[in-house]
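Take this structure first; my questions come after.
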Amino acid sequence: MRLRVEQDIFAARQLGREVARAVGFEAQDQTRVATALSEAVRVLLAAGRETHVTFTVESHGVPSLQVTMAHSAGGGPARVAEQLQLVGRLVDTMEVDDEGAGTTVRMARRLPLGAPALTPTRMDEIRANLAQHVPGTPLDELAVQNQQLILALDEVRAQRDDLARLNAELEETNRGVMALYHQLSAELEETNRGVVALYAELDEKSVQLRAASEAKSRFLANVSHELRAPVTAIIGLGRLLTDSASDKLTEEQRRQVELIRGSATDLLSLVNGLLDLAKAEAGRIEPNWSEVDLKAMFGQLRGTLRPLATRPEVEFVVEEPAIPVMRSDEVLLAQVLRNLLTNALKFTEAGSVKLSVRPVGPEIAFVVSDTGTGIPPELHERVFEEFYQVPGSKPISGRGTGLGLPYARRLAGILGGGLRVDSVPGDGSTFTLQLPVDAS
């Protein structure tokens with residue numbers, strides 16, 4: 001298209017809008033292309049020379065519509081670029097240069113993604129339609145431009161109303177957020193005060209419990225010390241009464257004295273158990289770490305506990321240790337194993353009582369198993385409580401105090417390990433003492 005006079009600006013605007021519509025631009029983009037073209041042509045025609053306008057569709061890379069305006073007068077690209085600075089906002093790219101023969105303005109805008117494919121056939125149709133295009137009068141173009149302006153104003157007004165509504169909603173949301181923030185802050189502060197008060201109460205309760213535990217330990221120790229002397233005296237007097245050097249007693253008197261001695265012995269065992277438990281709870285038992293010869297220890301246990309296994313229907317087995325030496329407290333370790341074996345012998349009527357040892361990873365497990373009556377699963381932890389005995393269980397020999405297992409578990413903790421039981425009623429019980437191989 002060649003432009004010579006100012007009236008041609010309207011024709012260029014109309015043609016620019018038709019080209020933009022034909023290649024697939026929406027109405028707003030059509031107006032942008034037409035406005036940018038008419039303003040650029042107006043600036044170029046102000047120089048008084050004719051301008052050639054060429055429309056090109058670039059299909060390679062990013063599809064775009066390019067408009068090239070060649071002005072015959074040269075020497076003024078900087079001035080033209082300055083005048084077209086605002087026009088550059090309507091298109092994607094705009095260049096102004098001086099190629100020697102005159103000033104050239106190039107503008108380009110990307111085609112929308114939904115635009116139809118511009119095949120050669122489609123391009124021929126567009127060229128044919130544009131060739132038949134008859135430009136309207138300036139008044140017609142002015143009417144179209146006014147309609148576009150009214151539509152743009154309506155759109156701007158709608159966007160302004162939407163923006164005002166969004167601002168109001170945002171302000172209301174901000175007020176709600178601030179109110180929620182203040183509410184959560186107040187609740188958090190109140191919760192923090194409650195947590196601090198709870199911790200203070202827990203600390204106070206902890207101090208009270210520690211004081212009560214210490215008082216209980218002192219009470220048990222004092223009572224045990226006070227009871228031990230008279231009980232020992234009763235046992236000694238009973239022994240003197242039944243001694244052959246003393247006056248001869250009748251059978252009834254001897255039987256009664258033996259009952260007194262037996263009760264006193266049971267009471268002394270209970271007192272000793274209370275005293276040992278009180279020492280363990282008070283933390284007054286300090287382990288003496290040393291190398292322990294397990295083979296020698298097992299031999300001593302076998303020898304000292306053999307007299308308790310007097311029933312021929314119960315087999316007492318102490319296996320040779322697979323680990324000959326470990327680091328622990330020999331006295332405390334022997335005491336735990338002795339308590340477990342004594343319990344097993346007391347409550348096993350027939351079958352066997354066995355002591356074995358095996359490595360379990362970096363630890364060592366001492367296992368005392370028996371074929372006694374067994375313990376129900378719900379009572380596995382209760383047997384480690386002071387003075388608790390399984391309902392219905394009756395020792396075959398001697399009497400139980402209910403302190404052996406609690407004391408054994410406390411000693412296991414002092415040695416750096418743990419004590420647990422696995423048992424099924426009717427199938428016996430297995431107590432496992434698990435300790436580190438090298439404790440210190």
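Model, not experiment: these values are computed from the prediction.
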Taking all heavy atoms of G416 and all of P436, pick out the closest pair and write down the distance.
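Heavy atoms only, the tightest pair is O-CD, 3.5 Å.
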
side-chain contact (heavy atoms from CB on, under 4.5 Å) between V177 and T173, intermediate numbers included:
CA-CA 6 Å; V177 169; T173 302; 4.2 Å; yes

side-chain contact (heavy atoms from CB on, under 4.5 Å) between L411 and N339, intermediate numbers included
CA-CA 11 Å; L411 291 184; N339 282 358; 5.6 Å; no

Shortest non-hydrogen contact between A12 and L37, atoms and distance
O-CD2, 3.2 Å

Any side-chain heavy-atom pair from V23 and F55 closer than 4.5 angstrom?
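A side-chain contact is absent here, since even the closest heavy-atom pair is not under 4.5 Å.
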
Residues S423 and I375: closest non-hydrogen pair is OG-N, 2.7 Å

For the atom pair CZ (R338) and CG (L340), what is the distance rounded to the nearest 0.5 Å?
11.0 Å

Not counting sequence neighbours, which residues clear side-chain contact (heavy atoms from CB on, under 4.5 Å) with R160? List them please.
R157

Just wondering, are more than 12 heavy atoms of other shown residues or ligands nearer than 6.0 Å to CG in L198?
yes

For R358, does the CZ atom have more than 12 heavy-atom neighbours from other residues, nucleotides or ligands under 6.0 Å away?
no

Could you tell me whether the side chain of T348 and the main chain of L345 form a donor-acceptor pair under 3.5 Å?
no

With side chains defined as the heavy atoms from C-beta onward, is the minimum distance between S352 and F316 less than 4.5 Å?
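No, too far: nothing below the 4.5 Å cut-off.
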
Determine the sole option in V318, L341, L337 for which the side-chain contact (heavy atoms from CB on, under 4.5 Å) test with L305 is passed.
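Result for side-chain contact (heavy atoms from CB on, under 4.5 Å) with L305: L341.
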
Spell out, as yes or no, whether a donor-acceptor pair under 3.5 Å connects the side chain of S185 to the backbone of Y181.
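Yes.
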
Nearest 0.5 Å, please: how far is CZ in R306 from CG in L301?
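Rounded to the nearest 0.5 Å, the CG-CZ separation comes out at 11.5 Å.
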
Do E251 and R255 meet the salt-bridge criterion of a basic N to acidic O distance under 4.0 Å?
no

N288 side chain to D329 backbone, donor-acceptor under 3.5 Å:
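No, the answer is negative, given that no donor and acceptor are paired below the 3.5 Å cut-off.
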
Please check if the number of heavy atoms outside R193 that lie under 6.0 Å from its CZ is greater than 12.
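Buried by this count: over 12 neighbours within 6.0 Å.
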
When rounded to the nearest 0.5 angstrom, what distance separates CG in N343 from CG in L405?
4.5 Å

In Å and rounded to the nearest 0.5 Å, what is the NE2 to CZ distance from H380 to R382?
13.5 Å

Over all heavy atoms of both residues, which pair between T432 and A365 is shortest? Give the atoms and the distance, please.
CG2-CB, 4.0 Å

Give a yes or no on whether a salt bridge exists between R409 and E381, defined as a side-chain N under 4.0 angstrom from a carboxylate O.
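A salt bridge links R409 with E381.
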
Working for side-chain contact (heavy atoms from CB on, under 4.5 Å), residues W289 and R327
CA-CA 7 Å; W289 305 110; R327 184 173 178 80; 3.8 Å; yes

Q256 atom CD, neighbour heavy-atom count above 12 within 6.0 Å
yes

Distance from T119 atom OG1 to E125 atom CD, nearest 0.5 Å?
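One gets 7.5 Å once the value is rounded to the nearest 0.5 Å.
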
Does F366 reach the side chain of L333, with side-chain heavy atoms less than 4.5 Å apart?
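Sidechains of L333 and F366: in contact.
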
Under a 4.5 Å cut-off applied to non-hydrogen side-chain atoms, are E319 and K354 in contact?
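E319 vs K354: side chains touch.
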
Ignoring hydrogens and geometry, is there a side-chain-to-backbone donor-acceptor pair from D370 to G428 under 3.5 Å?
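No, because the side chain of D370 does not come within donor-acceptor range (under 3.5 Å) of the backbone of G428.
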
Is it true that atom CD of E252 has more than 12 heavy atoms of other residues, nucleotides or ligands lying nearer than 6.0 Å?
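Result for CD/E252: enclosed.
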
Taking the side chain as every heavy atom from C-beta outward, state whether R32 and F25 have any atom pair closer than 4.5 Å.
no

Within the structure provided, determine whether L111 and L118 are in side-chain contact (heavy-atom separation under 4.5 Å).
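They are in side-chain contact.
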
Does K205 come within less than 4.0 Å of E201, counting only side-chain N to carboxylate O?
no

Just by modelled atom types, is the A350 backbone N or O under 3.5 Å from a matching donor or acceptor in the T371 side chain?
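Answer holds: yes.
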
Within a strict 4.5 Å, meaning less than it, do heavy atoms of the L419 and F384 side chains meet?
yes

Test side-chain hydrogen bond (donor to acceptor under 3.5 Å, both in side chains) applied to R106 and T54, T68, D97, T93, the passing residue:
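Of all the options given, the one that passes is D97.
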
Of all heavy-atom pairs between V368 and A344, which one has the smallest distance, and what is that distance?
CG1-CB, 4.3 Å

Considering residues at least two apart in sequence or located in another chain, which fulfil the side-chain contact (heavy atoms from CB on, under 4.5 Å) criterion with R42?
I9, E39

Could you verify whether a donor N or O on one side chain and an acceptor N or O on the other, from E18 and Q14, lie under 3.5 Å apart?
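Side chains of E18 and Q14: no pair found under 3.5 Å.
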
If you round to the nearest 0.5 Å, how far is CZ of F431 from CG of L355?
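Here the rounded value is 13.5 Å.
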
Nearest heavy-atom neighbours spanning L90 and R109
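For L90 and R109, the tightest heavy-atom pair comes out as O-NH1, 3.1 Å.
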
Among L84, V33, V87, find the one that has a side-chain contact (heavy atoms from CB on, under 4.5 Å) with M107.
V87

Heavy atoms from other residues, nucleotides or ligands near CZ of R110 exceed 12 (cutoff 6.0 Å):
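Open.
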
Side-chain touch E58/S64, heavy atoms, less than 4.5 angstrom
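Side-chain contact under 4.5 Å: yes.
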
